[in-house]
Amino acid sequence: MMDYDDARGERPRLLVVANRLPVSAKRTGENSWSLEMSPGGLVSGLLGITSQFDTKWVGWPGVDVHDEIEKNALTESLAEMKCIPVFLNGVFDQYYNGYCNGILWPILHHMGLPQEDQHDTNQTFETQYDAYKKANRMFLDVIIDNYEEGDIVWCHDYHLMFLPQYLKEYNNKIKVGWFLHSPFPSSEVYKTLPSRSELLSAILAADLLGFHTYDFARHFLSTCTRILGVEGTHEGVVYQGRVTRVAVFPIGIDPDRFIRTCKLPEVTQQMNELQEKFAGKKVILGVDRLDMIKGIPQKYLAFEKFLEENPYWRDKVVLVQIAVPTRNDVPEYRKLKSQVHGLVGRINGRFGSVSSLPIHHLDCSVDFNYLCAIYAIADVMLVTSLRDGMNLVSYEFVACQEAKKGVLVLSEFAGAGQSLGVGALIVNPWDVTEVSSAIKEALNMPAEERETRHRSNFQYVCTHSAEKWGLDFMSELNGIIPESEMQMRKIPLQLPEQDVIQQYSQSNNRLIILGFFGTLAEPMNSGTKEMDLKLNPELKGTLKALCNDPKTTVVVLSRSGKNILNKNFGESNIWLAAENGMFEKQTTGEWVTNMPQNVNLDWVDGVKNVFKYFTDRTPRSYFEASETSLVWNYEYADVEFGRAQARDLLQYLWAGPISNASVDVVRGNHSVEVHAIGETKGAAIGRILGEIVHRKSMTTPIDFVFCSGYFLEKDEDIYTFFESKILSSKSPNGLDLKKENYFSAAIGQARTKARYVIDSAHGVVDLLHKLAVVADTTMTDSFSDSEIYEPRDANANENSKRWINSVRRRKVEIGDTGQIGM
Ligand SMILES: O=P(O)(O)OC[C@H]1O[C@H](O[C@H]2O[C@H](CO)[C@@H](O)[C@H](O)[C@H]2O)[C@H](O)[C@@H](O)[C@@H]1O
Ligand SMILES: O=c1ccn([C@@H]2O[C@H](COP(=O)(O)OP(=O)(O)O)[C@@H](O)[C@H]2O)c(=O)[nH]1
């Protein structure tokens, strides 16, 4: 955790940006306002971090104000509380009631999009979406007006999903964090959102994204994979050349505030009054905003069932439900209110009497002291959220229960279900029978068990406070920025193709090192099987031309076996390294083995069986097997399923065929590779280089190296091998390499040890075509001046054909025989 130097007044400046300010304004007269604490867990949680930072809040003040004088008056009142208002006049209804709470909120809580009148819904959707973006821009404008260099900006919640993008577009150096207080749904639900990609890309502009639970973070990562096609790693999401860190930060409360409040005389007085009022009865408590995600109807149905089945308890228990009014302007919420009132009437009618009602339903919020008092006297807290980001009410109840040690009945669908699962009775709120039984169990629970359960919850709530949550997030954000900047700096440049061509044309002894899979091989399709790895047909002529140039040596380094390389490169005068260098040969010669003596390959058949098993059960996966290595690849399978299968496959392997074998297991992006210990591509290239120098009896040092492939991270030593050979003067090892004539280029990797990147294998194919032309022209110059060159390969792609022809024409025009001046 970070240590901030309060004594020197060096608290970092933090702009907390949330839809709602911690206080909401109410007009009390002309130009005068009263400020009240805003409801909801977001505000409660964030209050815990204000002491650690020089914090200012940016948010909606809770009212529409049109008059400039009034705006100024309110702005001044809010400034005293370090709050900066964003007046959302004109867009608020469409943005907040419409897009935020009518569209995003139900999607995030697994409830799906509204389905009434599709045509109207589509029309309003567009307007609401526009208002949402406009509102996010209004937040941006206020931030810009108040931003000072070095400020950290922490954006909160689903209301502000565009803000990270807007902030970074304004100033890429601002540290931006974004935290989601609600759940993040499964990709199957999120996918239905019409603006799904834009919203995802917009939040990925942040440096750090936080979620309450692993489930939500996992859903988010797999949604990014499925919708944007990006890979989620343990570090986060690599998107558009930068890494966005994704991490889990479960929010907490300020437990001391509750513990202290419960000891205040006025609060103990309220407790006494409540106890007197409910004397002889057990109190079950519910505290929720009247929101459909809180499962209040389900709670009432379960309570009704409990009363039905347990007549003994009918006059000995009362359910007090504080239903805090919320989002009254959203139609769904108004409907919920009447539904809930109907249920209360029915149950009280069925089980109540003149002197007692089983349900006390309050449509209001209560003040903080009263809330603590009622938390403290309750015997059972009943939380039946159908989905809930965290549910701080359950933490608050625990914090107030040191004396009573009541029982928490908690929905498994609240984030809190993951943290308080040991102490609480966890229920599925949709299962009224289960909730009814849990009520009974809670009411009958022996004191000793209540004590044990409470202790475990209390310990958690006290150690996982809102302050810790805020500091953890900020600490991560601060740590991550330099790293992500570093990563941005480390991101290699695009291969400078023209420099490669120029250096190639000027050099006298060139070495081209290429991978096979994902580089020279034709893209696989779903039907591809083990032996089908084939040289891209576009490259046949090109490779031949390169290999036939006496100034050029081509090496193909592959994890594939000897047979596959023989089949594909048998006709070229080329150096081959099969199985990552276990076997080597020049096409004209015999394969030489580098396999250590006594290497044990007993594991191969067992691994093959496991790979076969998983290939059969994972559509569009396939495996390659060679003498010393096997690779199972799920690149073309459903990525999520493939990943899950890969996990299972590894368990099978470790438990069986490789438990005692001398093998390396490498997890690639979409593959699992098992190979005999002993070879790396870097070591192989070192040996081959020695051979080349020796066999060719070289007199001219190698003065051009191009090395490119779709290599696994562990094989990237192939790129670093040459780095140590780059000298200012000619080196004794037959190399004359400088940074100008050494080109290492990884295909499609955001992070690599190579100097450069190429977006796809097409880039390599294209470049090789061009180099082949240079090889041809420098070798023979056998075209007549009037001849327009036709690439020898009819399949060469259009760009390279065009390029080649333009070079030919220029060559004709300027009579250039040896060099191509680019
Ligand atoms: O501002 P409102 O529209 O009135 O709604 C109140 C808040 O509701 C949501 O709270 C969430 O945040 C809590 C703390 O992280 C979490 O415990 C709870 O599960 C969530 O529902 C909403 O996310 C906030 O933005 C609202 O302010
Ligand atoms: O009359 C009330 C009752 C409760 N709360 C607070 O509202 C928050 C509810 O947070 P929770 O995470 O449980 O759910 P949310 O309402 O944010 O979805 C808690 O901090 C409660 O103390 C409130 O402000 N007024």
Side-chain angles (χ1 to χ4, degrees), residues 16-24 36-49 57 59-62 92 95-97 100-102 104-105 108-109 155-161 178-184 210-213 216 249-255 257-258 261 285-296 320-330 333 362-375 381 383-400 410-411 413-420 461 466 469-470 473:
V16 168
V17 193
N19 170 63
R20 206 179 261 289
L21 286 173
V23 286
S24 297
E36 286 169 13
M37 172 100 165
S38 306
L42 184 150
V43 167
S44 312
L46 280 167
L47 285 176
I49 62 155
W57 296 70
W60 175 63
F92 184 75
Y95 144 76
Y96 176 78
N97 296 319
C100 290
N101 293 326
L104 286 177
W105 181 261
L108 294 171
H109 288 84
C155 313
H156 289 266
D157 237 351
Y158 60 99
H159 312 88
L160 301 174
M161 291 174 85
W178 183 84
F179 188 86
L180 183 64
H181 290 263
S182 77
F184 196 92
F211 297 87
H212 280 313
T213 71
F216 305 157
F249 304 92
I251 201 171
I253 59 166
D254 175 359
R257 181 164 170 247
F258 287 86
T261 306
L285 177 66
V287 179
D288 308 270
R289 279 180 307 106
L290 187 52
D291 193 309
M292 42 279 182
I293 64 139
K294 301 290 181 181
I296 298 173
V320 178
Q321 176 65 49
I322 298 168
V324 181
T326 186
R327 307 174 191 174
N328 279 324
D329 294 328
V330 181
Y333 286 74
L362 285 84
D363 274 323
C364 63
S365 59
V366 293
D367 72 38
F368 186 66
N369 285 358
Y370 186 83
L371 182 67
C372 290
I374 198 153
Y375 276 143
M381 179 87 208
V383 178
T384 50
S385 308
L386 306 178
R387 292 273 158 185
D388 215 336
M390 181 54 77
N391 191 279
L392 292 180
V393 156
S394 44
Y395 285 43
E396 294 169 2
F397 167 74
V398 169
C400 294
L410 177 58
S411 163
F413 300 116
Q418 278 186 4
S419 33
L420 303 179
V461 168
W469 165 75
F473 187 94

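Note that ligands are numbered from 1 as they come in the structure, with each ligand's atoms numbered from 1 the same way.
- The aromatic ring centres of Phe368 and Phe258 sit less than 6.0 Å apart.
- Contact annotation: the side chain of Leu386 never approaches that of Met292 to less than 4.5 Å [non-hydrogen atoms, C-beta and beyond].
- Put simply, no part of Asn19 is less than 4.0 Å from ligand 1, judged by heavy atoms.
- Two residues are said to be in side-chain contact when any heavy atoms from C-beta on lie closer than 4.5 Å; Thr213 and Phe184 fail this criterion.
- Of the candidates Cys372, Gly415, Ala466, Ser365, the one placing a heavy atom closest to atom 25 (N) of ligand 2 is Ser365.
- The aromatic ring centres of Trp60 and Tyr95 sit 6.0 Å or more apart.
- With a 4.0 Å cut-off on non-hydrogen atoms, Met390 does not touch ligand 2 at all.
- For atom 26 (C) of ligand 1, the nearest non-hydrogen atom from the set Arg20, Arg327, Lys294 comes from Arg327.
- The distance from ligand 1 to the heavy atoms of Gly389 drops below 4.0 Å at these ligand atoms: 19 (O).
- Using a 4.0 Å cutoff on heavy atoms, Arg289 counts as a contact of ligand 2.
- Put simply, CD1 on Ile374 and CD1 on Ile322 are 5.0 Å apart, with the number rounded to the nearest 0.5 Å.
- Taking a cut-off of under 4.0 Å to the non-hydrogen atoms of His212, the atoms of ligand 1 that pass are 15 (O).
- The closest heavy-atom contact to atom 17 (O) of ligand 1, among the options Leu180, Asn391, Val393, comes from Asn391.
- With contacts defined as side-chain heavy-atom distances shorter than 4.5 Å, the pair Ile251/Tyr395 does not qualify.
- Which parts of ligand 2 touch Val287 is read off a 4.0 Å heavy-atom cut-off, strictly below it: atoms 3 (C), 4 (C).
- Annotation for ligand 1: atoms under 4.0 Å from non-hydrogen atoms of Thr326 are 4 (O).
- In Asp288, neither the side chain nor the backbone holds a heavy atom less than 4.0 Å from any atom of ligand 2.
- Using modelled atom types, one side-chain atom of Trp178 and one backbone atom of Asp157 make a donor-acceptor pair closer than 3.5 Å.
- Results of the side-chain hydrogen bond (donor to acceptor under 3.5 Å, both in side chains) test with Tyr333 over Thr326, Asn97, Asp291 single out Asp291 as the only residue that passes.
- Those atoms of ligand 2 that come under 4.0 Å of a heavy atom in Val324, given as number and element, are 1 (O), 2 (C), 3 (C).
- Of the polar atoms of Leu392, at least one N or O is found under 3.5 Å from an N or O of ligand 2, judged by distance alone.
- Ring centroid separation for the pair His212 and Phe179 comes in under the 6.0 Å cut-off.
- Look at Met37 and you'll find every heavy atom at least 4.0 Å from all atoms of ligand 2.
- For the ligand labelled ligand 1, residue Trp105 lies inside the 4.0 Å heavy-atom shell.
- Contacts of Val393 with ligand 2, taken as heavy-atom pairs under 4.0 Å, involve both backbone and side chain.
- Looking at heavy atoms from C-beta onward, Leu410 lies out of side-chain contact with Met381 at the 4.5 angstrom threshold.
- Taking only nitrogen or oxygen atoms, main chain and side chain alike, Tyr96 reaches within less than 3.5 Å of ligand 1.
- The proximity of Asp388 to ligand 1, defined as any non-hydrogen pair under 4.0 Å, involves the side chain as well as the backbone.
- Residue contacts with ligand 2, taken as heavy atom pairs separated by less than 4.0 Å, do not involve Ile253 at all.
- With respect to Lys294, the side-chain hydrogen bond (donor to acceptor under 3.5 Å, both in side chains) criterion is satisfied by exactly one of Thr384, Asp288, Asp388: Asp388.
- Note: an N/O pair closer than 3.5 Å links Val366 and ligand 2 by distance alone.
- For Trp60, no heavy-atom contact with ligand 1 is shorter than 4.0 Å.
- Atoms of ligand 2 lying under 4.0 Å from at least one heavy atom of Glu396, given by number and element, are 19 (C), 20 (O), 21 (C), 22 (O).
- Which of His181, Met390, Arg289 comes nearest to atom 8 (O) of ligand 1 through a heavy atom is settled by distance: it is Arg289.
- Every atom of ligand 2 with a heavy atom of Asn391 under 4.0 Å away is listed here by number and element: 12 (O), 13 (O).
- In terms of modelled atom types and a separation under 3.5 Å, the side chain of Ser24 and the main chain of Ser38 share no donor-acceptor contact.
- Put simply, the side chain of Asp367 gets close to the backbone of Tyr370: a donor and an acceptor are under 3.5 Å apart.
- Annotation: side chain of Leu180 is not in contact with side chain of Phe216 (no heavy-atom distance under 4.5 Å).
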